[in-house]
Q: 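Quick one: the structure is below, questions incoming.
Keep in mind it's a predicted model, so treat the numbers as computed, not measured. Convention: sequence-line order gives letters A, B, ...; per-chain numbering from 1.
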Amino acid sequence: MLLAKSRRENPRQAAAGILARLDVADICEPPEIAGAGFINFRLRPDFLARQFAETAGDPRLGVPLAARPRRILVDFSSPNIAKPMHVGHIRGTILGDALARVARFLGHDVVTDNHVGDWGTQFGKIICGLKHFRDDAALAADPVPELVRLYRKVDGDETLLQASRDELVKLQGGDPENREWWNRCVEWSRHAFEEIYALLGVSFDRWLGESFYNDALRPLVDRLLRSGVAEISEGAACIFFPDDPALREAPCLIRKSDGGYLYATTDLATIEYRVRELNRDLLWYVVGAPQQLHFKQIFAAAAKMGLPAAAIHIPFGSILGENRKLMKTRSGENVPLRDLLMEGIDRARRIVEEKNPDLPEREEIARAIGIGAIKYAELSQYRMTDYIFSWDKMLSFQGNTAPYLQNAYVRIRSIFRKLEAGAQAGAGEFAFAEPAEFALAKKLFQFGETVPQILNDFRPNILANYLYELANAFHAFYEACPVLKSEGAIRRTRLALCDATARVLEKGLGLLGIEVPARM
RNA sequence: GUCCCCGUAGUUCAACGGAUAGAACGGAGGUUUCCUAAACCUUAGAUGUGGGUUCGAUUCCCGCCGGGGACACCA
């Protein structure tokens, strides 16, 4: 029909023209034209069996490599030092990790970078607090909450404003004592972050925080002023975009009138480093939707600087609480991410213990299920949608949830455990007969076309929905087609379907950053 | 005021411009001497509103209504 449109033909006539020149007799039954100009192909069972044998033997499970591999940098997560990670970080962290995994699998050269917020005016207050009010026992036990307490104490006390400013100036000037306090803050926070990333199974190739670019800011601004990319306006160094209607009245400020540098300055230095030093030609910023204007500005600025790379902001919506407001604790604080993850694991553990009390490795299973449920709830829907966080929904273990998919995998593993060692089905032709077998095989073929689609618009939910349909097709097959009790080519076919399903589920969930337990 | 995002069953979410708008939860009904019933099967129920483009619009364009967000010296 697309062809008919471009040629201004009647869609049904175009379809007839295609069929007249098409020879697919060895693949399917004679095609039929239906509706407005659709062509229906009915695959022949022998073709399906041949095709399945090929796909089932493919280590990539039918997923093609990218025709044009890129050198991609994925910027995601980026929490702030001296603050606990909270629910606000979970979407970006999970989404960025999944997109990086998918890009790698498709053959792109991927570098992940955690651009932590380790520099800024808040350190004046924190250092001031550390010098005068610190509780060493609390710092030793759990430093980040103590840093938060100190920041709040100083922040709420107007008599300490000047002292905080002085500490900040000393830090920026390289004062050794303040520098040492700052270093410790970074270390403390990094440990707290690593604990959470370990729970989530997320890792980064680089941790180049904002402070990494400090020395680059002044030369960068000077250079941009000299080259005319930037100009002074009302005392501040700005980049203007007169040719861009969206940015005509939104210049990008890169130096304040007091000489200080800004968020945008660091980000520009970061882009330059990523392109020139890390040799990236495509930058992905997985950052919340509210920052869309900011990225539009710095990308336009980078273009004016002539940096040879494409940069894409991949925005996402918010997580809301049951009251449809931004998710907070009862006292109005951000929900610490660690608490959230531990609660997910606890809930999963209780359910596993109730359902299946004799399992070994219960801790690992609880982690795979609890964390998997949280990740799947995020990744199974469109990233721009604001969504309501609900334990009961994501851990109900019914319907379109991670445990449902994991359960399909577990059932397959169970079959293979029961298959005695010498009793493998052996090589030979496959034989398809039951509708449930056809349906499952056809679903398996679709994996190869589904995975690359994710990157069209950065939508892991396409893969999540596919995996759900695959698990659904498997469960139906499992009900209708006994595997171990069948014989000969039938048994061989069913075992191969099980094996291929397990591998696609494991790979597909793995691309989403979700683990599959062997039992549950 | 300008710009961006979102409006789909009671609820939470899907649908490169394609066929009868898919699921899940919740509702109603059914399935287990059989590989994990965390499952399967059946069933009722929805595109905010008005135009336009198209053979065809949830999707693209314009207006309106409703919700959220961003808009020079914070990050």
Q: One character per nucleotide, please: for nucleotides 70-75 of chain B, 5' to 3', B when the base has a protein heavy atom closer than 4.0 Å, S when only the sugar-phosphate does, - otherwise.
A: SSBBSB
Q: Assign the ring pair Tyr285(A) / Phe295(A) to parallel, tilted or perpendicular, where the plane angle (0 to 90°) is split at 30° and 60°.
A: tilted
Q: Quick one: is rC35(B) close enough that its OP1 or OP2 comes under 4.0 Å of any side-chain N or O from Lys485(A)?
A: no
Q: Looking at every strand, decide which applies to Asn40(A) at a 4.0 Å heavy-atom threshold: base, sugar-phosphate, or nothing.
A: base
Q: Nearest-nucleotide wise, let me know which of Lys418(A) and His475(A) is further upstream toward the 5' end of RNA chain B.
A: Lys418(A)
Q: Using the rule for Phe, Tyr, His and the six-membered ring of Trp, do Phe38(A) and rG18(B) stack at under 5.5 Å and under 30°?
A: no
Q: Does the pair Asp244(A)/Lys296(A) count as a salt bridge with the N-to-O cut at 4.0 Å?
A: no
Q: With C1' as the reference atom in both, quote the distance from rU47(B) to rU2(B) in angstrom, rounded to an integer.
A: 30 Å
Q: In the 5'-to-3' direction, what one-character label does each nucleotide of nucleotides 12-17 of chain B receive under the scheme B = base within less than 4.0 Å of a protein heavy atom, S = sugar-phosphate only, - = no such atom?
A: SSSS-B
Q: Do the side chains of Arg383(A) and Asp457(A) get close enough for a salt bridge, i.e. N-O under 4.0 angstrom?
A: yes
Q: Just need the stems in RNA chain B: three or more back-to-back Watson-Crick or G-U pairs, each with both distances under 3.5 angstrom, sorted by first number.
A: B:1-7 with B:65-71, B:10-13 with B:22-25, B:27-31 with B:39-43, B:48-52 with B:60-64
Q: Is the shortest distance from a Lys or Arg side-chain nitrogen in Arg274(A) or Asp75(A) to a carboxylate oxygen in the other one below 4.0 Å?
A: yes
